[in-house]
Amino acid sequence: MTNVLAPAKPIFSYPINSPASRPAPFLPMSRAEMAQLGWDVCDIILVTGDAYIDHPSFGMALVGRLLEAQGFRVGIISQPDWQSAEAFRSLGKPRLFFGVTAGNMDSMINRYTADRKPRSDDAYTPHAASGKRPDRACMVYAQRCKEAFPGVDVMIGGIEASLRRIAQYDYWSDKVRQSALIYSKADLLLFGNAERALVEIAHRAAAGERLSQIRDVRGTAFMAPHQWLPDDDWCEMDSSTVDMPGKVDPHPDPYAMEPAGAAPVTAPAGAQTVRIVSRDERLAARKAQRARTVIRIPSYEAVAHDPVLYAHASRTLHLESNPGNARALVQLHGERDVWLNPPPIPLTTAEMDYVYGLQYARNPHPSYGDARIPAWDMIKFSINIMRGCFGGCTFCSITEHEGRIIQSRSEESILHEIEEIRDKTKGFTGHITDLGGPTANMYRLACKDPKIESSCRRLSCVYPGICENLNTDHAPLIQLYRKARTLPGVKKVTIGSGLRYDLAVESPEYIKELVTHHVSGYLKIAPEHTEEGPLSKMMKPGIGTFERFKALFERFSAQAGKKQYLIPYFIAAHPGTSDEDMLNLALWLKRNNFKPDQVQSFTPTPMALATTMWHTGRNPLRKVARSSEKVEVIRDGQRRKLHKAFLRYHDPENWPLLREALIRMGRRDLIGNAPHHLIPAPRIGERQHAPSYGKSSASRTKPGTAGRNRPQPQPLKSRGPR
């Protein structure tokens, strides 16, 4: 291993492992299906916590078809019974390795609500049945694979593994947990968009390498002996503590005169003539050294007990997330290191087209019969046009998994997929339900200068304002919309992905196109809050930007002769939010006649920056020190309930709780029956008192996480390989 930043090799440039192989109707899930294909063994077996749906929006299908196209025989074990190892033997031992994922969603978010209560359904399971996957499924499945076939190679990946690649705060157990590599006992962990790494590793495994020997692939993490380095020319930068100013020795005065009669200075033996080094040479040398530098972040044991060091480690990881300049990271767990190579190089447009153009059946596996799978119902008429998000919202985990660099498909590839849906997907009536991804309107948006992009260390391209180097031209997306809706057999194209309105207002023509042709009466949008306190901790724009978007939305809707409405989403109890902030948000909602139906409380998800705020009470958006800014965190259950009640101020069930809070806050003036009042006065016989706050309600709660999590989990439309 000489340089983990070697140029990326295109994923379609490898020689096919088995040129005679042909695409299977579905990847086999049983020995009988393997026999029909003439297989006696699988090269690679993929284990997933989701039902197997052969469609590129479902991670195991995308990964499986990609490996199949490389000439590998790929089997699927879907939602196995994890109570024993028997289900993991169903396809036999793979010739190369097991690939394990929890599925398209983190299993803990899939299984539990924001209040840690078990969910009653699972959108990724036939009949929406719950209980078909374990907690932390990725780790459990990997352990069972090792138990089923001792000595077998196991690789873990997907969003659950990505978000647990280092020590991370776990909301559901309320403690810092070790890297998923420790719990799973896997040989290798893939994080981020893993196609490039997966293809390289599969071919190297076929050539005889064991997964535990592969240590030079970007986007991978592995266990190594303490202080292991790839080569002698590598160096380690210690960032395991926060900066502590100390004594500074005085520098010699370069202008000091030597005393008269001083002995002449003689050059030491071996001295060489000074050579002037050009700026380009210095930069090249610095870049080369940086590529051979690993940063040691605080150990698991340190971050588990020291909130400041946890916040410091979190900030360091996020600053080292740009594939163009990120360095490797290492974190000690006990006596061994967890080593993280730099993030994967994003896929090119040609590679994205290749991945999404493979031969998918575009249906659930036949073994499910007519069972309804809610995630499939939502996704089957939608198209994933891009990946990644440069928004940097601290509560969202997309960036940690997919990265900030947008990866877009070509117009031709997208239009071809629409035709595939039209011609092959059962039940299509002419309505394409989404052309989107993590964000609907980041298609083909990128930094204007690749050199600037490769050296940038900003956490967001749009906060606190849109970067002057960001291209915000929506013209390619407008053109795509126009071509998509004119295809024969397509009656309507609507946008279901979330919209970044601060980008949209930079292109009024885009808003007009969207509003005139691609909104089905309602458009979901997420300002998240109105107040500076929480917005600054979310890295979201001020509410004034939303109001600009709302004005354009209403104007263009009126011009189109349509009655259309915005459905805004807001987060309750996000770090940095006070009771007064939630009251002001409720008043804004009432002034604008918004009455939210579904509302969300902040849910801490592993590795996100807002999760760090929740757990540590520190702000990792700035340099972390012992004296750095404290962040208010809402941990008390009753206070979280109050913040949620402010969002549903119109619900009579919340009025007793809100009355008590308003009285406590000195805002009795907002209780009454006039239009300016927030909630009505109690009627005779009406329950007037809510459960008391308790001692912690009137004071700020102890610090104590991130992730966007609406009340019901929704299928992810653009999350890349799982």
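Partners of Phe546 under the ring pair (Phe, Tyr, Trp, His ring centres under 6.0 Å) rule, at least two apart in sequence or in another chain, are Tyr501, Trp588. Considering only residues two or more places apart in sequence or on other chains, His333 meets the side-chain hydrogen bond (donor to acceptor under 3.5 Å, both in side chains) condition with none of them. Annotation: ring pair (Phe, Tyr, Trp, His ring centres under 6.0 Å) contacts of Phe98 (sequence neighbours excluded): none. In this structure Asp153 satisfies the side-chain hydrogen bond (donor to acceptor under 3.5 Å, both in side chains) test together with Arg210, sequence neighbours excluded. Among residues two or more places apart in sequence or in another chain, the side chain to side chain contact (heavy atoms under 4.5 Å, CB included) test is passed with Glu580 by Ser578, Met665. Taking the side chain to side chain contact (heavy atoms under 4.5 Å, CB included) definition, one finds that Asn619 meets it with Lys537, Met613, Leu621, Arg622, Glu629, Val631, sequence neighbours left out. Lys185 pairs by the side chain to side chain contact (heavy atoms under 4.5 Å, CB included) definition with nothing, not counting sequence neighbours. Legend: residues meeting side chain to side chain contact (heavy atoms under 4.5 Å, CB included) with Ser321, ordered by chain and number and at least two apart, are Arg404. Residues that satisfy the salt bridge (Lys or Arg N to Asp or Glu O under 4.0 Å) test with Asp581, not counting sequence neighbours, are absent from this structure. With sequence neighbours excluded, the residues satisfying side-chain hydrogen bond (donor to acceptor under 3.5 Å, both in side chains) with Ser107 are Glu160. In this structure, the ring pair (Phe, Tyr, Trp, His ring centres under 6.0 Å) partners of Tyr310, at least two apart in sequence or on a different chain, are His615. Residues meeting the side-chain hydrogen bond (donor to acceptor under 3.5 Å, both in side chains) test with Asn322, sequence neighbours left out: none.
In terms of modelled atom types and a separation under 3.5 Å, the side chain of Ser299 and the main chain of Ala302 share a donor-acceptor contact.
Atom CH2 of Trp82 sits about 13.5 Å away from atom CD of Gln143, to the nearest 0.5 Å.
Of all non-hydrogen atoms in Ala180 and Leu189, the two that sit nearest each other are CB-CD1, 4.1 Å.
Using bins of under 30°, 30° to 60° and over 60° for the plane-to-plane angle, the ring pair Phe222/Trp228 lands in the perpendicular bin.
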